Amino acid sequence: MLALLRSPREIMFGPGMCAALPWVAAREGSKALLVVDQHLANSDELNEMLHQLEKAGVETAVWAEVTPELPSELAIRATDFARDLDRDLVITVGGGSCIDLGKVVATMLRHGGTPSDYYGEFRVPGPNVPLIAVPTTAGTGSEATPVAVVTDSDLGTKVGISSPELIPVVAICDPELTYSCPPSVTASAGADALAHCIESYTARSRTGDADLARERVFVGRSALTDSLALEGIAAIVEGLPIAYADPLNARARSQSMYGSLLAGMAFGTAGTAAAHALQYPIGAETSTPHGVGVGCLLPYVMAFNRSERVEEMARIARVFGAEGDDDALSRRAPRLVADFLAGIGIPRTLGEMGVARERAGAIAASGLRAVRLSENNPRVLTIESASRLVEAAIDGDLDSLMGDAPLAAPVATMKETS
Ligand SMILES: NC(=O)c1ccc[n+]([C@@H]2O[C@H](COP(=O)([O-])OP(=O)(O)OC[C@H]3O[C@@H](n4cnc5c(N)ncnc54)[C@H](O)[C@@H]3O)[C@@H](O)[C@H]2O)c1
Ligand SMILES: [Fe+2]
């Protein structure tokens with residue numbers, strides 16, 4: 001058996017837990033940069049947070065300019081601001097874009113350079129400025145992961161910075177902070193979390209070589225990530241539809257946030273796969289949120305991978321209450337997930353998201369270049385098979401992907417971009 005896990009040094013979860021921030025911050029530093037999501041800028045909550053931090057002896061400067069999908073130039077400007085003020089701690093309170101901004105700032109504040117110096121895996125040379133992450137969406141799990149995703153306008157795509165040094169020192173998860181999420185954000189963030197669970201639970205597995213964790217940030221599935229991912233799926237399946245329909249439902253918000261935390265812990269070590277690889281170019285082409293793209297793709301990726309993960313797909317179907325033998329259930333799982341996500345407003349097809357059929361090949365080729373993701377997929381992705389997958393997702397044709405016939409051999413060389 002193989003079991004690997006990387007995570008924050010301390011995770012604090014529960015309604016009202018945000019009140020711990022001042023004493024946790026005072027323990028980690030004395031001059032904080034507080035990166036806050038735009039929905040908190042100029043709010044009473046932010047003023048109260050600042051007041052409590054000052055009372056705890058933490059001098060705090062606020063950076064409130066965060067835009068979704070995180071342009072890399074923003075990270076450069078925020079770092080310059082923090083450096084001028086000699087900050088020794090970064091606190092980030094917001095959605096995934098905001099937490100990722102905090103991660104990149106904490107890296108550049110300690111090690112200099114620009115975001116592109118750190119694209120790829122293991123490029124951060126040592127510990128960052130300490131980072132405390134406080135999520136306000138139940139989605140990315142970024143509070144627990146070793147990755148930040150930025151949009152590089154020169155490359156015209158999203159790029160990952162992946163290093164264990166990016167994992168926040170402390171994650172403070174307070175479901176009450178998600179009550180204000182509108183249904184669209186609840187849905188896209190929740191779909192992302194479900195995709196993290198399912199992609200890590202069905203990811204490729206590798207042998208337990210002692211060098212594995214220093215050769216790869218995302219090492220594939222293992223016993224620890226499987227158990228987190230499965231529990232995450234159950235929490236999200238129960239909580240997310242209720243949180244979407246009834247934003248102030250305390251139990252549903254807790255379940256959704258707990259699920260997204262577990263999802264982050266699972267994929268932060270195991271890694272994600274084809275749905276995430278293919279979302280990058282689709283997000284760039286359609287300007288749609290990350291979670292909408294991965295949510296739309298997820299059932300098709302599950303159907304494509306089914307023949308390699310029959311038992312796992314069947315277990316996923318059982319979380320939805322389905323009964324039967326493994327083979328039959330594995331064929332039902334993609335449809336169950338598709339119906340679940342459609343119920344929270346995620347588009348059923350890439351066609352609905354505005355992706356034209358003639359773009360399938362280009363999207364497949366671009367997705368395959370995210371090698372850390374595409375090679376983590378349990379079924380080998382080739383240009384041909386990935387194009388077929390994208391075409392089926394454009395057309396809404398789940399059944400055609402459910403076959404068992406092996407596809408063509410992998411392409412020999414793929415250039416890594418993230
Ligand atoms: N680092 C990781 O591990 C990781 C994993 C998956 C995705 N991502 C990245 O995270 C980003 C997506 O993050 P996200 O889904 O959390 O969305 P987001 O951070 O982009 O936020 C979406 C919108 O919701 C608003 N918002 C956030 N919290 C709110 C609240 N409590 N109330 C009201 N509005 C609120 C934001 O201001 C923003 O307008 C993408 O850039 C994606 O690539 C990162
Ligand atoms: Fe994601």
Side-chain angles (χ1 to χ4, degrees), residues 8 21 24-25 28-43 45-47 49-50 53-54 58-120 123-137 139-140 142-155 157-163 165-172 177 289-290 418:
L21 178 61
V24 173
E28 304 297 331
S30 59
K31 296 173 92 179
L33 175 76
L34 176 59
V35 181
V36 288
D37 203 287
Q38 56 190 1
H39 80 277
L40 286 170
N42 308 315
S43 66
E45 291 97 319
L46 176 59
N47 286 337
M49 205 178 280
L50 287 172
L53 284 163
E54 297 289 335
V58 183
E59 185 203 313
T60 307
V62 175
W63 178 273
E65 198 189 328
V66 181
T67 47
E69 313 299 318
L70 190 53
S72 57
E73 307 80 52
L74 202 58
I76 296 171
R77 286 202 285 120
T79 306
D80 289 343
F81 174 77
R83 190 174 289 122
D84 287 347
L85 295 172
D86 200 20
R87 301 290 98 179
D88 64 8
L89 168 68
V90 179
I91 303 169
T92 173
V93 184
S97 305
C98 182
I99 296 179
D100 284 4
L101 175 59
K103 286 175 166 177
V104 182
V105 170
T107 301
M108 295 197 297
L109 203 50
R110 174 61 46 87
H111 303 290
T114 62
S116 61
D117 295 327
Y118 304 102
Y119 292 170
R123 305 273 308 272
V124 180
N128 287 346
V129 169
L131 174 70
I132 301 171
V134 185
T136 65
T137 58
T140 67
S142 183
E143 67 274 13
T145 71
V147 60
V149 189
V150 300
T151 302
D152 186 310
S153 46
D154 293 336
L155 297 175
T157 184
K158 300 230 25 212
V159 191
I161 297 175
S162 310
S163 163
E165 309 295 356
L166 254 56
I167 301 175
V169 189
V170 185
I172 301 178
L177 298 179
H290 171 77
S418 61

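Computed from a predicted structure; not experimentally measured.
The two atoms that bring D37 and C98 nearest to each other are N-SG, 3.5 Å, heavy atoms only. Across every non-hydrogen atom of L89 and E28, the tightest pair is CD1-CB, 3.8 Å. Taking all atoms of both residues into account, the shortest heavy-atom contact from V105 to A78 is CG2-CB, 3.8 Å. P125 approaches Y118 most closely through the heavy-atom pair CD-CE2, 4.1 Å. A pairwise comparison of heavy atoms in A75 and V104 identifies CB-CG1, 3.7 Å as the closest pair. The minimum heavy-atom distance between E143 and P168, with the atom names listed, is O-CG, 3.3 Å.
In this structure, the side chain of R123 engages the main chain of D117 through a donor-acceptor pair within 3.5 Å. One N or O on the side chain of K103 and one on the backbone of T145 form a donor-acceptor pair closer than 3.5 Å. Judged by distance alone, the side chain of T60 and the main-chain N or O of V58 form a donor-acceptor pair under 3.5 Å. A donor-acceptor pair is defined here as one N or O able to donate and one able to accept, closer than 3.5 Å; such a pair exists between the side chain of D88 and the backbone of S30. A side-chain donor-acceptor contact under 3.5 Å links T136 to the backbone of G95.
Taking 4.5 Å as the limit, some side-chain heavy atom of L21 sits within range of a side-chain heavy atom of M49. When side chains are defined from C-beta on, I76 counts as touching P115, because their heavy atoms get closer than 4.5 Å. Two residues are said to be in side-chain contact when any heavy atoms from C-beta on lie closer than 4.5 Å; L101 and T92 fail this criterion. When side chains are defined from C-beta on, L46 counts as touching L34, because their heavy atoms get closer than 4.5 Å. For the pair V170/P8, no side-chain contact is recorded, criterion being any heavy-atom separation below 4.5 Å from C-beta on. Residues I161 and Y119 are in side-chain contact: their nearest non-hydrogen atoms beyond the backbone lie under 4.5 Å apart. Side-chain atoms of I99 and P135, non-hydrogen and from C-beta on, do get closer than 4.5 Å to each other.
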**OP:** Go through the steps to decide whether L74 and V150 satisfy the test side chain to side chain contact (heavy atoms under 4.5 Å, CB included), and finish with yes or no.
**Re:** CA-CA 10 Å; L74 202 58; V150 300; over 6 Å; no

**OP:** Starting from the C-alpha separation in whole Å, work towards a yes-or-no answer on side chain to side chain contact (heavy atoms under 4.5 Å, CB included) for V129 and R87.
**Re:** CA-CA 9 Å; V129 169; R87 301 290 98 179; over 6 Å; no

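Screening V36, L33, I172, L53 for a side chain to side chain contact (heavy atoms under 4.5 Å, CB included) involving I91 leaves a single residue, L53.
With no hydrogens or angles considered, a side-chain donor-acceptor pair links T107 and N128 at under 3.5 Å.
A distance of 9.0 Å separates CD of E59 from CG of D86, quoted to the nearest 0.5 Å. Atom NE2 of residue H39 and atom CG of residue L177 lie 7.5 Å apart, to the nearest 0.5 angstrom. With values rounded to the nearest 0.5 angstrom, D84 atom CG is found 11.0 Å from T79 atom OG1. Put simply, CD on E73 and CG on D152 are 7.5 Å apart, with the number rounded to the nearest 0.5 Å.
Comment: R83 engages D80 in a salt bridge, judged by a side-chain N to carboxylate O separation of less than 4.0 angstrom. A salt bridge links E65 and R77; the closest N-O separation between the charged side-chain nitrogens and carboxylate oxygens is under 4.0 Å.
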